[in-house]
Novice: 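Below you'll find the structure I mean.
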Amino acid sequence: MFSALVIWDLAATIERLHQPGLGERPLILLCGEHHLKVLATDALAREAGVHLGDSRKQAELLCPNAAVLPARDEVYRRLFAEVTADLAQHIDRVEPCYQPGRAWWIVRSDHPRELDILRWRIECLLGGSVSIGTGSGKFVAQVAGASGADHCRVGPGEEAAFLAPFPAALLPLNADMARRLPMMGIRRIGDFAALSRAAVFEQWERHGCFCHDLALGIDTRPLQAHQPPPVLAGSLSFDEPIADRESLLAACLRLASPLLDQLGGREAGRLVLLLEDENRQRHELHLQPSAPLRGLAQFEKQLPPLLEKLLVRAGIIELSLQLSELAVLQPQQLSLFDAPREGRSLRGALTAWGRRFHQTVYQLSLTDVPRHFPPALQFESEALGI
């Protein structure tokens, strides 16, 4: 049996966790640069009629008393990954699925005590309420977890009847299916399950048959175990709140030195700075540098511009630094020229060598030549006598 632990309004829950001053007001999160659209909401905004994809003007007209904030997808993904790593320490295998509005974790267990412990872990870390669904397949467990019940169990043989009244949009439809099914009057999973398999295959081939099996409660997919990526972290607490950026920079560099020692022949592709001010509000800054972080000199160059983005008036009482997206250092290939080898012709390369090293004699050879050598290079190699 599979069980899905579902948390609704993940993005809104995290924003309320980071900003306690939001209170009980409806919350709308926007994404985009020029044309802002709704990425996620909470239950109060949905009840007012706000839907995903609405423009900012539409959302504010439907829910004028809502708090409208820019979405921080990097923050939501990081916390979701932290919760996934925490769950992986308490159960053998866990399969996560992230969405800003609704996220879930699927485990291969139906033991009530074990599921209650996992739910308690999620609620402690994120602060939201978690519902549980249990079924014979992953899709049934996911729908059962999203049904609204505290713990919904679907027994063997009851899958098709349980799924029938739910919206067909819960199925993993492709773009063509999502467009055509409402036009055909198919709005429920039971309506789609009532179609013949031959008709479904004729219209949407293998993917349509896969969705048809799910609608009937047939789901043979195994659990895709997730291995949390390694993260290096360090933190500092201050007796007195600090507000000047010079002191923050010095504290960050003090944290960076031991983290670099832990890299051990690796490089970091992302830097995350976590701060908590004296008002108990949390702030988070992400940096994905153009070149992976390897040494302290890079930190001294990257941290000041990152701290300039910090807009906080209260003093900082706790600071954390995280290095993620770790990768093994790759050997660098040295070249005599600034331009890559592929961007130079043979004749140009020989001319450049002759200008820079006129007293040196070269023996030029071509290695790893493809079977079908480009005609231009064939002509040049013949002209040069190679």
Side-chain angles (χ1 to χ4, degrees), residues 14-15 17-19 31 33 69-86 88-89 98 125 227-335 338 340:
I14 293 175
E15 291 294 346
L17 179 68
H18 284 191
Q19 304 183 49
C31 66
E33 297 181 359
L69 301 176
R72 302 181 297 165
D73 193 63
E74 292 178 335
V75 177
Y76 313 145
R77 290 182 181 274
R78 185 193 64 81
L79 279 173
F80 181 78
E82 283 190 0
V83 174
T84 304
D86 182 81
Q89 297 177 359
Y98 166 81
L125 294 172
Q227 184 66 29
V231 177
L232 301 180
S235 60
L236 285 175
S237 298
F238 309 106
D239 296 331
E240 295 293 333
I242 58 175
D244 57 299
R245 285 183 169 79
E246 289 76 11
S247 301
L248 285 176
L249 178 60
C252 291
L253 293 177
R254 187 168 56 174
L255 282 175
S257 182
L259 291 181
L260 290 174
D261 295 337
Q262 299 178 36
L263 282 176
R266 295 175 295 180
E267 56 188 11
R270 181 177 291 273
L271 167 67
V272 181
L273 191 60
L274 309 174
L275 307 103
E276 184 175 347
D277 61 25
E278 53 190 339
N279 296 329
R280 296 300 176 182
Q281 288 194 355
R282 302 181 185 181
H283 310 272
E284 193 164 326
L285 300 174
H286 286 250
L287 174 66
Q288 193 166 11
S290 57
L293 298 173
R294 302 174 183 175
L296 192 60
Q298 292 175 290
F299 277 84
E300 295 176 349
K301 183 179 180 180
Q302 300 283 354
L303 282 175
L306 184 63
L307 291 175
E308 291 296 329
K309 301 178 182 178
L310 181 63
L311 302 176
V312 56
R313 298 179 180 178
I316 302 299
I317 61 173
E318 188 172 346
L319 170 68
S320 298
L321 192 66
Q322 293 184 359
L323 297 180
S324 58
E325 298 183 8
L326 306 182
V328 179
L329 283 171
Q330 298 296 328
Q332 295 183 347
Q333 183 177 359
L334 302 180
S335 175
D338 297 332

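All residue numbers in this chain count up from 1 along the given sequence.
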Novice: Please determine whether side chain to side chain donor-acceptor pair (under 3.5 Å) holds for the pair Glu284 and Gln322, giving the CA-CA distance in whole Å, both sets of side-chain angles, and the decisive distance to 0.1 Å.
Specialist: CA-CA 11 Å; Glu284 193 164 326; Gln322 293 184 359; over 6 Å; no
Novice: Take Phe238 and Glu318, measure what side chain to side chain contact (heavy atoms under 4.5 Å, CB included) needs, and give me the verdict at the end.
Specialist: CA-CA 6 Å; Phe238 309 106; Glu318 188 172 346; 5.9 Å; no
Novice: Taking all non-hydrogen atoms of both residues, which atom of Gln302 and which atom of Leu293 are closest, and how far apart?
Specialist: CG-CD2, 4.2 Å
Novice: Would you say Gln298's side chain and Pro292's backbone share a donor-acceptor pair under 3.5 angstrom?
Specialist: yes
Novice: For the CZ atom on Arg280, are there more than 12 heavy atoms of other groups (residues, nucleotides or ligands in this structure) within a distance under 6.0 Å?
Specialist: no
Novice: Find the distance between CG (Leu236) and CD1 (Ile317) and round it off to the nearest 0.5 Å.
Specialist: 13.0 Å
Novice: Indicate the atoms forming the closest heavy-atom contact of Ser324 with Val231, along with that distance.
Specialist: CB-CG2, 4.2 Å
Novice: At their closest point, which heavy atom of Ala243 faces which heavy atom of Gly315, and how far apart are they?
Specialist: CB-CA, 4.3 Å
Novice: When rounded to the nearest 0.5 angstrom, what is the spacing between CD1 in Ile14 and CG in Leu125?
Specialist: 10.5 Å
Novice: First locate atom CD of Gln262, then atom CG of Leu326, and finally report the distance between them rounded to the nearest 0.5 Å.
Specialist: 10.0 Å
Novice: Any carboxylate oxygen within less than 4.0 angstrom of a Lys/Arg side-chain nitrogen, looking at Glu74 and Arg78?
Specialist: no
Novice: How far apart are the closest heavy atoms of Ala268 and Leu323, and which atoms are they?
Specialist: CB-CB, 4.0 Å
Novice: Within the supplied structure, the quantity of interest is the number of heavy atoms (other residues, nucleotides, ligands) at a distance under 6.0 Å from Glu308 CD; does it exceed 12?
Specialist: yes
Novice: In chain order, what residues pass the ring-ring contact (aromatic ring centres under 6.0 Å, His included) check against Tyr76, with sequence neighbours excluded?
Specialist: none
Novice: Please check this pair: side chain of Asn279 against backbone of Gln281, looking for a donor-acceptor N/O pair closer than 3.5 Å.
Specialist: no
Novice: Any chance you could measure Glu276, atom CD, to Ser237, atom OG, to the nearest 0.5 Å?
Specialist: 9.0 Å
Novice: Using 0.5 Å steps for rounding, measure from the CG atom of Leu306 to the CG atom of Leu285.
Specialist: 4.5 Å
Novice: If you look at every heavy atom in Glu15 and Leu69, which pair is closest and at what distance?
Specialist: OE1-CD1, 4.2 Å
Novice: So which heavy atom on Gln288 is nearest to which on Gly269, and how close?
Specialist: CG-O, 3.4 Å
Novice: Quickly, which of Leu274, Leu232, Leu259 forms a side chain to side chain contact (heavy atoms under 4.5 Å, CB included) with Leu321? Name it, please.
Specialist: Leu259
Novice: Nearest 0.5 Å please: distance from the SG atom of Cys31 over to the CG atom of Asp73.
Specialist: 8.5 Å
Novice: Distance-only check: which donor-acceptor pairs under 3.5 Å involve side-chain atoms of residues 247-255, not counting sequence neighbours?
Specialist:
residue, atom, partner, partner atom, Å
Ser247, OG, Asp244, OD1, 3.1
Ser247, OG, Asp244, OD2, 2.5

Novice: Kindly indicate, with the supporting measurements, whether the criterion side chain to side chain contact (heavy atoms under 4.5 Å, CB included) is fulfilled by Phe299 and Leu271.
Specialist: CA-CA 9 Å; Phe299 277 84; Leu271 167 67; 4.0 Å; yes
Novice: Would you mind telling me which of Asp277, Val75, Leu273 makes a side chain to side chain contact (heavy atoms under 4.5 Å, CB included) with His283?
Specialist: Asp277
Novice: Before you tell me yes or no, could you show the steps for His18 and Arg72 under side chain to side chain donor-acceptor pair (under 3.5 Å), namely the whole-Å CA-CA distance, both residues' side-chain angles and the distance that decides it to 0.1 Å?
Specialist: CA-CA 12 Å; His18 284 191; Arg72 302 181 297 165; 3.1 Å; yes
Novice: Does Arg282 have any salt bridge (Lys or Arg N to Asp or Glu O under 4.0 Å) partners at least two apart in sequence or in another chain, and if so, which?
Specialist: none
